[in-house]
Number of protein chains: 2
Amino acid sequence: MSKEAILEAAAQIIREKGYHAASMADIANAVDLSKATLYSHIDSKQAILVALLDQALETLIEDIQPVLTANVPADEKFRRAMHAFLSYMSENLDLSAVLLLEHRSLDPEKRGEHIPRRDEYESYWRQIIEEGVAEGIFTVEDPSLSAKVALGVASWTVMWFNPQGRLSAEQIADQSADILLEGFYKR
Amino acid sequence: MSKEAILEAAAQIIREKGYHAASMADIANAVDLSKATLYSHIDSKQAILVALLDQALETLIEDIQPVLTANVPADEKFRRAMHAFLSYMSENLDLSAVLLLEHRSLDPEKRGEHIPRRDEYESYWRQIIEEGVAEGIFTVEDPSLSAKVALGVASWTVMWFNPQGRLSAEQIADQSADILLEGFYKR
DNA sequence: GTCTATATGGTGATAGAC
DNA sequence: GTCTATCACCATATAGAC
């Protein structure tokens, strides 16, 4: 039994029930192990949560790097950032939901390490918007709020996105970027 | 000790810790009662959650009614809906967070009653957008998705809004509506 | 109405045999 | 590496005295 398989099963259960309601027995059951054997693969329940949040956030931060350094205008960067986020979200629904909704269950110490990384990710979105202002293609009153609005649109999709639904992640990213960019453009 | 005071304290604790991590001892402590006395005021922990979700959602649904029936164009209705939501959110932060984030902890039966009411609220936002299309002032590809985008912006604010922060709920509502409406307008 | 005390069951985590 | 059995603890909820 690989650690990856355990984390994947854990993500699904934690997403469904929430961190506290998800028991180690649930997780052990999902991967057909006894609780004791589960504990030979991982240190603690909290360690599972930390591993999940780290993995999800690190990947999102990695995925946005090529967007930031690409030689394209800010509006195109914004589109790519939205696509990267929704692509990751749709292919890692459980992990994304845990990242966005369960960080409050981190122990205070781990939470203190996590939040700055999360804020770093948000800063990349703000940076793209500020670039658009510097390029003269965006006019936004408040780039910091605009970034929160954009990331809010992206993040909230984990609450309703359905892989079997009418809209693909691509379509949602396209149309969300369309709507938001119109609000950013200089006119 | 009034039931309202108990629910208010419960909302704060459930918002902070999540439903499962919030214990009846925590809640009893917050209102200076013993656990047993707490149980003489409310039936169960689940009943607290149901009461909180009902109260929050009913108020939001009531608050949006005058917006829907007002004799103003759809863009003004949209602005008012955003203001109504953010006004309620900022004045009932704990309750709003519980409404938006804890409905998964409802027992299946209660959840089955809650979700349609929540969808009803979302339908009012979609209705406003469809009115704008009918009036010829909006051009949106997909009113259903546009409503989810707008409600996503509004809802995600509970994750970061700070009453002592730089931006008031009014300012956030203004600027969010500005950004989104530009994406809706016909051009 | 409010309390102390308790019933009953689930929780994270570990000991120790194989 | 995996298991059964168990520990110590915390949860929701209730009984019964005042």
Side-chain angles (χ1 to χ4, degrees), chain A residues 1-55 94 98 101-111 113-114, chain B residues 1-55 94 98 101-111 113-114:
Chain A
M1 177 60 55
S2 74
K3 194 163 174 176
E4 283 72 29
I6 291 173
L7 291 178
E8 194 179 325
Q12 187 189 332
I13 293 164
I14 293 173
R15 181 193 174 204
E16 274 171 22
K17 301 189 169 188
Y19 177 75
H20 265 90
S23 75
M24 293 300 269
D26 290 335
I27 297 169
N29 230 304
V31 290
D32 269 307
L33 292 179
S34 67
K35 271 196 297 175
T37 306
L38 174 60
Y39 272 98
S40 78
H41 288 88
I42 51 97
D43 289 341
S44 66
K45 190 182 174 184
Q46 180 70 202
I48 292 178
L49 182 62
V50 170
L52 293 175
L53 291 183
D54 279 355
Q55 184 189 325
D94 298 326
V98 172
L101 303 173
E102 302 296 336
H103 56 85
R104 118 186 105 181
S105 295
L106 283 173
D107 289 344
E109 189 200 351
K110 291 293 178 182
R111 201 177 131 80
E113 298 167 17
H114 175 75
Chain B
M1 176 58 55
S2 73
K3 194 162 174 176
E4 282 72 30
I6 292 173
L7 291 178
E8 194 178 324
Q12 187 188 332
I13 293 164
I14 293 174
R15 181 194 173 202
E16 274 170 22
K17 302 189 168 188
Y19 176 74
H20 266 91
S23 75
M24 293 300 268
D26 291 334
I27 296 169
N29 230 304
V31 290
D32 269 306
L33 293 178
S34 68
K35 276 192 295 175
T37 307
L38 174 60
Y39 272 98
S40 78
H41 288 87
I42 52 95
D43 289 340
S44 67
K45 189 181 174 186
Q46 180 70 204
I48 292 178
L49 182 63
V50 171
L52 293 175
L53 292 183
D54 279 354
Q55 183 188 326
D94 298 325
V98 172
L101 303 173
E102 302 296 337
H103 57 85
R104 115 185 108 182
S105 295
L106 283 172
D107 289 345
E109 189 200 350
K110 291 293 178 181
R111 201 177 131 79
E113 297 168 17
H114 175 75

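Just so we're on the same page: letters track the sequence lines, and every chain starts at 1. Atoms considered below: every heavy atom in the structure, side chains included; atoms not considered: hydrogens, waters and symmetry mates. Keep in mind that what you see is a predicted model, and the values were worked out from it rather than measured.
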Subject >> Passing candidate, salt bridge (Lys or Arg N to Asp or Glu O under 4.0 Å) with A:D26, options A:K17, A:K45, A:K35, A:R15 >> reply: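 The passing option is A:K17.
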**OP:** Only one of A:L7, A:V98, A:L53 passes side chain to side chain contact (heavy atoms under 4.5 Å, CB included) with A:I48; say which it is.
**Re:**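 Testing A:I48 for a side chain to side chain contact (heavy atoms under 4.5 Å, CB included) against A:L7, A:V98, A:L53 leaves exactly one candidate, A:L7.
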Original post:
Does the pair A:D54 and A:E113 meet the rule for a side chain to side chain contact (heavy atoms under 4.5 Å, CB included), with working shown?
Top reply: CA-CA 10 Å; A:D54 279 355; A:E113 298 167 17; over 6 Å; no
Subject >> Close side-chain approach of A:H41 to A:V31, heavy-atom, < 4.5 Å >> reply: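 Answer no - side chains too far apart.
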Original post:
Taking the side chain as C-beta and beyond, is there a heavy-atom pair between B:D94 and B:E8 under 4.5 Å?
Top reply: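 Result no, sub-4.5 Å side-chain heavy-atom pair not found.
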Subject >> Divergence of helical axes at both termini of the helix from C:dG1-D:dC18 to C:dC18-D:dG1 - five pairs an end, 10° steps >> reply: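 For the helix from C:dG1-D:dC18 to C:dC18-D:dG1, the axes at opposite ends meet at about 10°.
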**OP:** Using a cut-off of strictly less than 4.0 Å, decide whether B:T37 has a side-chain nitrogen or oxygen near OP1 or OP2 of C:dC3.
**Re:**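 Yes, B:T37 has a side-chain N/O under 4.0 Å of OP1/OP2 on C:dC3.
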Subject >> Donor-acceptor contact below 3.5 Å, side chain A:Y19 vs main chain A:Q46 >> reply: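 Pair found, side chain donor or acceptor close to backbone of A:Q46.
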**OP:** May I ask you to check whether over 12 heavy atoms, not counting those of B:D107, lie within 6.0 Å of atom CG?
**Re:**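 Yes, enclosed.
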Subject >> Presence of salt bridge, B:E102 and A:R104, under 4.0 angstrom >> reply: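 Yes.
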Original post:
Whole Å only: how far is the CD1 atom of A:I42 from the P atom of C:dG12?
Top reply: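 Distance check: A:I42 CD1 to C:dG12 P gives 10 Å.
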**OP:** In whole angstrom, give the distance that lies between atom NE2 of A:H41 and atom P of C:dT14.
**Re:**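 Checked: the NE2 to P distance equals 16 Å.
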Original post:
With the sugar-phosphate defined as primed atoms, P, OP1 and OP2, and the base as all remaining atoms, what B/S/- string results for nucleotides 10-15 of chain D, 5' to 3', for protein heavy atoms under 4.0 Å?
Top reply: -SBBBB
